[in-house]
J.: 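Let me give you the structure first, and then I'll get to my questions.
Keep in mind that the numbers below use all heavy atoms, side chains included, and drop hydrogens, waters and symmetry copies. Counting from 1, the numbers follow the sequence of the chain as shown. Whatever order the structure lists them in is the order used to number ligands and atoms, beginning at 1.
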Amino acid sequence: MPQIFSGIQPSGELHIGNYLGAVKNWVALQETHPGALYCVVNYHAITGVYDPAVLRQRTFDMARSILAAGVDPDRAILFVQSAVPEHTELAWIFNTMTPLGELERQTQYKDKAARQESILAGLLNYPVLQAADILIYRADRVPVGEDQAQHLELSRDTARRWNARFGEGFFPEPQTLLTPARRIMGLDGQSKMSKSLGNTVGLLESDEAIWQKLRPAVTDPARQRKTDPGNPDVCNIYSLHKAFSPVDTQAHVATQCRSAGWGCIDCKKVLADGVSAELTPIRRRAELLDAEPARVHDALATGGARARALAQATMGEVRERMGLS
Ligand code: TRP
């Protein structure tokens, strides 16, 4: 049975971009892969200047959103990375075996480093920690978006290098499980939905607040007037229909757009209904968690203990094979 591992940054509450791009798939995978590991990667979030109180709050909020979205702590192992310090121990070991050139070639590193005056070593070594996150559980399936493909390649290289020196077949070569949803664009229709760009829809926002964002959202730019026929294939609202509306509704929406039967507002109203149907039960679970925040802390404590036991078992063997114990 394949072992699943995935991680998400503690950016606070989930938005519909990271829900559709990642966490919705985690919920589906926990049914078929009990014991799937889902990690809020707070060690990864300290590679720049940050405020400790804000980090703590965002870590909690992310865990609460993930539980509200439907991750079930009885099926999956949900935990915070720093509850398992062995991740950093294995990352150090992998650092001693990773050629600098491979790290300098990572596009995410190059993008981030280009925007900084002083580049911290943690930014460069970020993908080494990511390899340790995955391999410490000997996980072989990693559900992520395509932006993580290069990091996963590095994880496979790392597993291969370690195995060649210390034990063939010990670490698996983890495969990317591409998330079914394509990446979700922000409501500006310009760039990926992302908190730092301020173009998001929060997973726990009210129907009314979501409507206030959907109403002015960008559609097919060629469609100036209601009488102009539109092209759903270039419309960001249509791509959201594909994520939130039933299949027959999607087909109807496309026909109404191409024939100019509906205006964009009509189309957005139908989308708002689909969004509400999906998000209402999630909001309800979030309210239950708010009434009992101890349930979030308990889930993380249980998940952390289970993950740590698994990580310690791997580290015991790693130390043994490397002459460290
Ligand atoms: N780098 C990932 C991201 O930015 C987060 C992450 C850290 C991760 N460790 C991981 C994802 C291990 C999958 C597996 O989205």
J.: Strictly below 4.0 Å, N to O, side chains only: are R105 and E153 in salt-bridge contact?
T.: no
J.: Report all N/O contacts between ligand 1 and the protein shorter than 3.5 Å as a table of atom names and distances to 0.1 Å; if there are none, say 'none'.
T.:
unit_1, atom_1, unit_2, atom_2, d
ligand 1, 1 (N), Y126, OH, 2.8
ligand 1, 1 (N), Q130, OE1, 2.9
ligand 1, 1 (N), Q148, OE1, 3.1
ligand 1, 4 (O), Y126, OH, 3.3
ligand 1, 9 (N), D133, OD2, 2.7

J.: Taking the ring centre of each residue, are Y137 and H87 less than 6.0 Å apart?
T.: yes
J.: Hey, what else clusters with Y50 if you join Ile, Leu, Val, Met, Phe, Trp, Tyr whenever side-chain heavy atoms sit under 4.5 Å?
T.: I46, L55
J.: Look at R160 together with D157 and state whether they make a salt bridge at an N to O cut-off of under 4.0 Å.
T.: yes
J.: Is it true that K195 and E13 have a side-chain N and a carboxylate O under 4.0 angstrom from each other?
T.: no
J.: Strictly below 4.0 Å, N to O, side chains only: are D51 and R58 in salt-bridge contact?
T.: no
